[in-house]
Amino acid sequence: MVERLKERYQPKEIEEKWQRNWAAAGLYKVTEDTAKPKYYCLEMFPYPSGKLHMGHVRNYTIGDVVARYYTMHGYNVLHPMGWDAFGLPAENAAIKHGIKPSVWTKDNIDYMRMQLKQLGLSYDWDREVATCFPDYYRWTQWLFLQLYKAGLAYKKKAAVNWCPSCQTVLANEQVVAGCCERCDSEVVHKDLEQWFFKITAYADRLLDNLKKLPGWPEKVKIMQENWIGRSEGVEVAFPLAEGEGKISIFTTRPDTIYGVTYMVLAPEHPLVEELMAKAPNREEIEKFIQMVNKQDELTRTSAETEKLGIFTGSYAVNPLNGEQIPIWLGNYVLASYGTGAVMAVPTHDQRDFEFAKKYNLPLRVVIQSPEGDLDEETMTAAYVEDGILVNSGPFTGLGNQEAIEKICDYIEEKNMGSRKVNYKLRDWLISRQRYWGAPIPIVYCDKCGTVPDENLPVLLPLDDVDFEPGKQSPLAKSKSFVETTCPSCGGPARRETDTMDTFVCSSWYFLRYADPNNDEEAFSREKVDYWMSVDQYIGGVEHAILHLMYARFFTMALHDLGLVGVEEPFENLLTQGMVLKDGAKMSKSKGNVVDPGEIIEKYGADTARLFILFAAPPERDLEWSDQGVEGAHRFLNRIWRLVADWQNLLTAEGKGQAGKAEEALRRQTHQTLKKVQEDIANRFQFNTAISAIMELVNAAYHYREEVENPDPATVRETVELLILMLAPFAPHIAEELWSATGHQDSVHSQPWPQYDPKAIVSDEITVVVQVNGKVRERLSVPAEISDDELKEKALAAEKVQSFIGGKDVRKVIVIPKKLVNIVVG
RNA sequence: GCCGAGAUGGUGGAACUGGCAGACACGCAGGCCUUAGGAGUCUGUGACUCAGGUCGUGCGGGUUCAAAUCCCGCUCUCGGCACCA
């Protein structure tokens, strides 16, 4: 017996009911099944910050539609959720409110999990992972050791961001405009022993593989390409004029090498001390270096900062022409790129030009423009276009592009240097002097040195930890943690007290989802090979570089270690836009935050989902509108009333009469089905898919208005297809209406309906007639009309004739079954 | 500065391969229903208009029978990178 639908749509009641039923029935649980094609739909897991924000709702709603859509299409869909649960805010909460990070994080996870469940998302909750629990991070540690043994993890001294007030190292992301994000003091640089992953070993592959990712947005690929920053050039050694030393420089413009008039070293260059020892103006140089060191990173590396330098008193020799050139120090040369030294060609590099003008250094044109009007005396900017080499010894007269190759060959022949590829990409600094992260499983022993600790997990101490910032990180202060025995010799030893960057934890979570409860290994190769790669990954574009590059690096490295079959983790990537209010990103400081919890409470999850999907296409930013939410809610109410009104008819037996109105409604139903199907499959255009459903509902209302005795068969088909199409978007109301129309099974287990191609064709079509490109008439003609007939009809039309007047018909263009354009003049 | 994306009614957005600009929704206006509506339902809604039309997709040109869509030159907005030699 089918229950009568209530007159009013009460989302809260039905949403809670169906969420319970789905969970009880295990509707969203999946296992490997070779009988079906698999589909891995993944959304970027959240940081458990406290409660969901609208960006989460958007991200997870989009993913849910994709997952439900592919499920209905017969795929075995993996759709998991978890928590990126290590990180700084948990420690801040500990300091501020005295709550343990573990407790704070777990409470947040519990609350946000409840909120995700309220949204009716189709996750297999049996696969939930949280990176902060030992059953996960022991495998993060294990993977670290695999990289360590493969030579991909190493420790070296590096300049890091240091907050003098918090007495701790900060991640680059935690430095906001040169200041500490927590206390706002100015961040300085400090040399410390740090752990790195050798991501640079994969620079070329990370770059080349981008070509194998047609399912990624061009924008993201370009951002990664720029971040990797590959550039080809040549490294050339310039001998010092006095003594034995040499200074190597890197250049991408060897064609300008005869135009070098001086050389600039970074103040951090290793040779600076030696040069300074001989310099007459030693004190001034020291002052200069101190001054540059005081400039913070932001100004130091800004193109707008004034270029400052000082002469060292020493000279080097240009190996190509034997000329002596002065060696300068300059604030604009980066110690961390290339060799930390550059050759300066003021005529053909704008930075060198500005520097030379400021310090009155000589200029020499070595590439002449096609106009031939370049002159050192009159130049106001460097000439960086192509041209012909002049003043360049044996290379004079060559085109500069050709000269690049010739000069490189010459340099290599004469052993002055060699071709080299440089990258902007740096190795990934993964160590953090933090408590709430995965401890790096390394032990230091006086006898054995650095020893990997295979006895995993290396547990974070949960008690006896002092979170107050001080001279040492919380872990370094915890005696019970630090003091251990050497895994190799059994003697007394100390633990590494750094923890791993949280990006390490999130670089492999998509692999753990394939086999989340395995306590023998990080994941079984078999299960990972069944599920990987991720067919659709969805998340914010803010992760375009960091997370997405790290995850790609990890997957490649694990592939090379034989742990996974795939090289690239994410087949298709959708970067969703931000949620804005009043034109700005929602933020507490702007006071324009809309709380998803309140929206769900007031309108229900289906309304929230529908509004977010309808208001903008997924990649674009979405402007929040309270009235738009009302509109989405009204639409659901409209469907509810329609089905409630027709409920008797729907469950009634009997065939009715199928006339014109029925045929038209049926046509629109199947046309809508086709459009919704295509909008989702081709472009994830949920907004236009929903608008098509709205049009169908409007048509159904008109049918109900116009037809006295509606045909039960037509009505039933329309309503059932409508509910099926609605199911991925608004799962609760669809389920309720599905059950109210006499179905036992869940709407979410139904196959996606196929449209009837015969139903969508019409006998009559409307053709537009233009005269000189302007629409003058619309003709209703038989669908099978020939071009000649159409032309004839168009010319004969009364209104068209009046526009032709007496003029000559010069040309008639017929677009079959669509349009006729009559050119007169 | 370089790279990328975008600019369409009062608003969010449609328009797939060059072929009816403004679908759908919001807002607004009006009719019906109602004791009442901030509910529902139906209709209208780019601008100008001599009521026949004319103009109209950031600006200026061009190609074409036909341009929001293609080409050339700009302006502005957003995002990323930012002295990478």
Side-chain angles (χ1 to χ4, degrees), chain A residues 8 217-227 229-231 233 249-253 256 264 298 300-307 330-334 336-345 348-352 354-355 422-426 541-542 544-545 577-578 580 583 611 614-617 619-632 634-635 637-638 641 675 678-679 682-683 685 687-695 697-698 701-702 704-705 766-778 802 810-815 818-825:
Chain A
R8 266 181 57 82
E218 213 52 39
K219 173 173 69 170
V220 173
K221 288 191 277 188
I222 289 168
M223 279 165 73
Q224 292 210 353
E225 202 181 309
N226 292 341
W227 188 262
R230 184 182 199 275
S231 64
I249 57 93
F250 173 76
T251 181
T252 55
R253 293 296 306 274
T256 65
V264 191
L298 214 70
R300 170 79 190 277
T301 57
S302 162
E304 273 100 70
T305 302
E306 191 182 13
K307 288 162 187 52
N331 63 342
Y332 73 101
V333 175
L334 304 172
S336 55
Y337 184 78
T339 60
V342 300
M343 65 179 209
V345 186
H348 305 295
D349 182 286
Q350 187 56 29
R351 294 158 299 185
D352 297 344
E354 287 167 27
F355 193 84
N422 261 318
Y423 301 91
K424 290 186 197 173
L425 185 69
R426 296 278 99 90
V541 73
E542 65 272 19
I545 295 170
M578 289 186 298
L580 311 177
F611 165 72
F614 178 65
E619 325 76 50
R620 292 250 286 257
D621 287 349
L622 181 153
E623 175 69 33
W624 186 266
S625 154
D626 291 332
Q627 287 168 326
V629 176
E630 295 269 359
R634 263 202 298 271
F635 170 63
N637 267 299
R638 228 163 120 76
R641 280 192 305 272
K675 179 160 172 57
E678 288 170 354
D679 280 353
N682 299 343
R683 302 188 288 164
Q685 288 261 19
N687 55 331
T688 50
I690 290 167
S691 78
I693 299 174
M694 287 173 169
E695 285 179 88
V697 171
N698 290 346
Y701 264 76
H702 289 141
R704 192 182 60 159
E705 187 88 350
T766 304
V767 172
V768 170
V769 185
Q770 301 178 326
V771 178
N772 284 346
K774 282 185 180 143
V775 179
R776 297 303 183 186
E777 180 62 303
R778 287 184 175 82
S802 76
R810 289 198 190 156
K811 207 177 190 184
V812 180
I813 287 122
V814 179
I815 307 299
K818 234 178 184 173
L819 177 139
V820 179
N821 189 10
I822 299 161
V823 187
V824 298

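Chain A is the first sequence line, chain B the second, and so forth, proteins listed ahead of strands; every chain is numbered from 1. These numbers were taken from a predicted model, which means no experiment stands behind them.
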inquiry  = Return whichever of Met343(A) or Ala632(A) has its heavy-atom-nearest nucleotide of RNA chain B closer to the 5' end.
reply    = Ala632(A)
task = Pick the C1' atom in C24(B) and in G31(B), then give their distance to the nearest Å.
result = 23 Å
request  = Would you mind telling me which of C81(B), A85(B), C24(B) lies closest to the side-chain atoms of Met694(A)?
outcome  = C24(B)
query = Of all the nucleotides listed (G4(B), A14(B), G27(B)), which has the minimum atom distance to the side chain of Gln627(A)?
reply = G27(B)
ask   = Heavy atoms under 4.0 Å, any strand shown: does Thr766(A) hit a base, just sugar-phosphate, or nothing?
value = nothing
Residue pair Thr688(A) / Asp679(A), side-chain donor-acceptor N/O under 3.5 Å = yes
message = When you measure from the side-chain N and O atoms of Tyr337(A) to the phosphate of A85(B), is any distance below 4.0 Å, counting only OP1 and OP2?
response = yes
query = Any idea which of A15(B), C20(B), A85(B) is nearest the Leu334(A) side chain?
reply = A85(B)
message = Under 4.0 Å, heavy atoms only, any strand: does His348(A) hit a base, just the sugar-phosphate, or nothing?
response = nothing
task = Measure the shortest side-chain to side-chain distance between Lys219(A) and Lys221(A) over non-hydrogen atoms and say whether it is less than 4.5 angstrom.
result = no
query = So, Asn698(A) and Arg638(A): side-chain donor and acceptor under 3.5 Å apart, yes or no?
reply = yes
key: Gap between atoms CD and P, on Glu619(A) and A5(B) respectively (whole Å)   = 13 Å
inquiry  = For the CZ atom of Arg776(A) and the CD atom of Gln770(A), what is their distance to the nearest 0.5 Å?
reply    = 10.0 Å
message = Which residues pass the salt bridge (charged side-chain N to carboxylate O under 4.0 Å, His left out) test with Glu354(A), not counting sequence neighbours?
response = Lys307(A)
task = Kindly check if the number of other-residue, nucleotide or ligand heavy atoms within 6.0 Å of CZ (Arg426(A)) is above 12?
result = yes
message = Both Val342(A) and Glu695(A) contact RNA chain B. Which one's nearest nucleotide lies toward the 5' end?
response = Glu695(A)
note = Note: Met223(A) and Ala544(A) closest approach over all heavy atoms is CE-CB, 3.6 Å
Atom pair NZ/CG of Lys811(A) and Asn821(A) - distance to nearest 0.5 Å = 9.5 Å
key: Atom-to-atom span, NZ of Lys818(A) to P of G18(B) - whole angstrom   = 11 Å
inquiry  = Give me the stems containing RNA chain B, sorted by first residue, counting only three or more consecutive Watson-Crick or G-U pairs with both distances under 3.5 Å; say none if there aren't any.
reply    = B:1-7 with B:75-81, B:10-12 with B:24-26, B:27-32 with B:40-45, B:46-48 with B:53-55, B:58-62 with B:70-74
task = Let me know the distance between NZ of Lys675(A) and C1' of C16(B), rounded to the nearest Å.
result = 8 Å
ask   = Looking for any heavy atom pair under 4.0 Å, which part of the strands does Asn422(A) touch: base, sugar-phosphate only, or nothing?
value = nothing
Every protein N/O lying under 3.5 Å from an N/O of nucleotides 29-40 of chain B:
from: G40(B); atom 1: O3'; to: Arg641(A); atom 2: NH2; distance (Å): 2.9

request  = May I have the distance from Lys424(A) (atom NZ) to A85(B) (atom C1'), rounded to whole angstrom?
outcome  = 11 Å
Nearest-Å distance for atom pair CG/C1', residues Leu580(A) and G79(B) = 12 Å
Which atom pairs link the protein and nucleotides 48-54 of chain B when you take only N or O atoms and keep those under 3.5 Å?
from: U54(B); atom 1: OP1; to: Arg776(A); atom 2: NH2; distance (Å): 3.4
from: U54(B); atom 1: OP2; to: Arg776(A); atom 2: NH1; distance (Å): 3.3

task = Can you tell me the distance, in whole Å, between the OH atom of Tyr423(A) and the C1' atom of A85(B)?
result = 17 Å
query = So do Phe250(A) and Ser231(A) actually touch side chain to side chain, heavy atoms under 4.5 Å?
reply = yes
ask   = Roughly how far apart, to the nearest Å, are C26(B) and C65(B) at atom P?
value = 43 Å
Nearest heavy atoms of Val697(A) and Phe635(A), plus distance in Å = CG2-CE1, 3.7 Å
Restricting to nitrogen or oxygen on both sides, can you table the protein-nucleotides 8-12 of chain B pairs closer than 3.5 Å?
from: G12(B); atom 1: O2'; to: Ala615(A); atom 2: O; distance (Å): 2.8

Distance, C1' atom - from C28(B) to C72(B), rounded to whole angstrom = 42 Å
ask   = Would a 4.5 Å heavy-atom cut-off, applied to side chains only, mark Val342(A) and Thr251(A) as touching?
value = no
task = Could you state the atom-to-atom distance from CZ of Arg778(A) to P of G19(B) in whole Å?
result = 16 Å
ask   = Side-chain contact, heavy-atom cut-off 4.5 Å: Ile815(A) with Ile813(A)?
value = yes
Test side chain to side chain contact (heavy atoms under 4.5 Å, CB included) applied to Asp626(A) and Glu630(A), step by step = CA-CA 6 Å; Asp626(A) 291 332; Glu630(A) 295 269 359; 5.8 Å; no
message = Under 4.0 Å, heavy atoms only, any strand: does Val345(A) hit a base, just the sugar-phosphate, or nothing?
response = nothing
note = side-chain contact (heavy atoms from CB on, under 4.5 Å) with Glu777(A): of Val771(A), Val820(A), Val769(A), only one passes, and it is Val769(A)
Strictly under 3.5 Å: I want the nitrogen or oxygen pairs between protein and nucleotides 63-67 of chain B, one per line.
from: C65(B); atom 1: OP1; to: Lys811(A); atom 2: NZ; distance (Å): 3.4
from: C65(B); atom 1: O2'; to: Asn821(A); atom 2: ND2; distance (Å): 3.3
from: C65(B); atom 1: O2; to: Asn821(A); atom 2: ND2; distance (Å): 2.6

message = For C16(B) and Asn682(A) - does any side-chain N or O of the residue sit under 4.0 Å from the phosphate oxygens OP1/OP2?
response = no
key: G9(B), syn or anti by chi within 90 degrees of zero   = syn
task = Report yes if a side-chain nitrogen or oxygen of Asn698(A) is closer than 4.0 Å to either non-bridging phosphate oxygen (OP1 or OP2) of A25(B); otherwise report no.
result = yes
task = Give the C-alpha distance, both sets of side-chain angles, the deciding distance and a yes or no for side chain to side chain contact (heavy atoms under 4.5 Å, CB included) between Asn226(A) and Lys424(A).
result = CA-CA 8 Å; Asn226(A) 292 341; Lys424(A) 290 186 197 173; 5.9 Å; no
ask   = Which whole-number value in Å describes the distance from Asn226(A) CG to C2(B) C1'?
value = 9 Å
key: Euclidean distance for P, A36(B) against G53(B) (whole angstrom)   = 44 Å
key: Between G52(B) and G73(B) - P atom distance, rounded Å   = 46 Å
query = Distance check: side-chain N/O of Ser231(A) vs OP1/OP2 of A85(B), anything under 4.0 Å?
reply = yes
ask   = So do the side chains of Met694(A) and Ile690(A) get within less than 4.5 Å of each other, counting heavy atoms only?
value = yes
ask   = Under the side chain to side chain contact (heavy atoms under 4.5 Å, CB included) criterion, do Val812(A) and Val823(A) qualify, and how do the steps go?
value = CA-CA 6 Å; Val812(A) 180; Val823(A) 187; over 6 Å; no
task = Could you check whether the rings of Tyr332(A) and Phe355(A) sit parallel, tilted or perpendicular, using 30° and 60° as the cut-offs?
result = tilted
request  = Starting from the C-alpha separation in whole Å, work towards a yes-or-no answer on side chain to side chain contact (heavy atoms under 4.5 Å, CB included) for Leu580(A) and Trp624(A).
outcome  = CA-CA 6 Å; Leu580(A) 311 177; Trp624(A) 186 266; over 6 Å; no
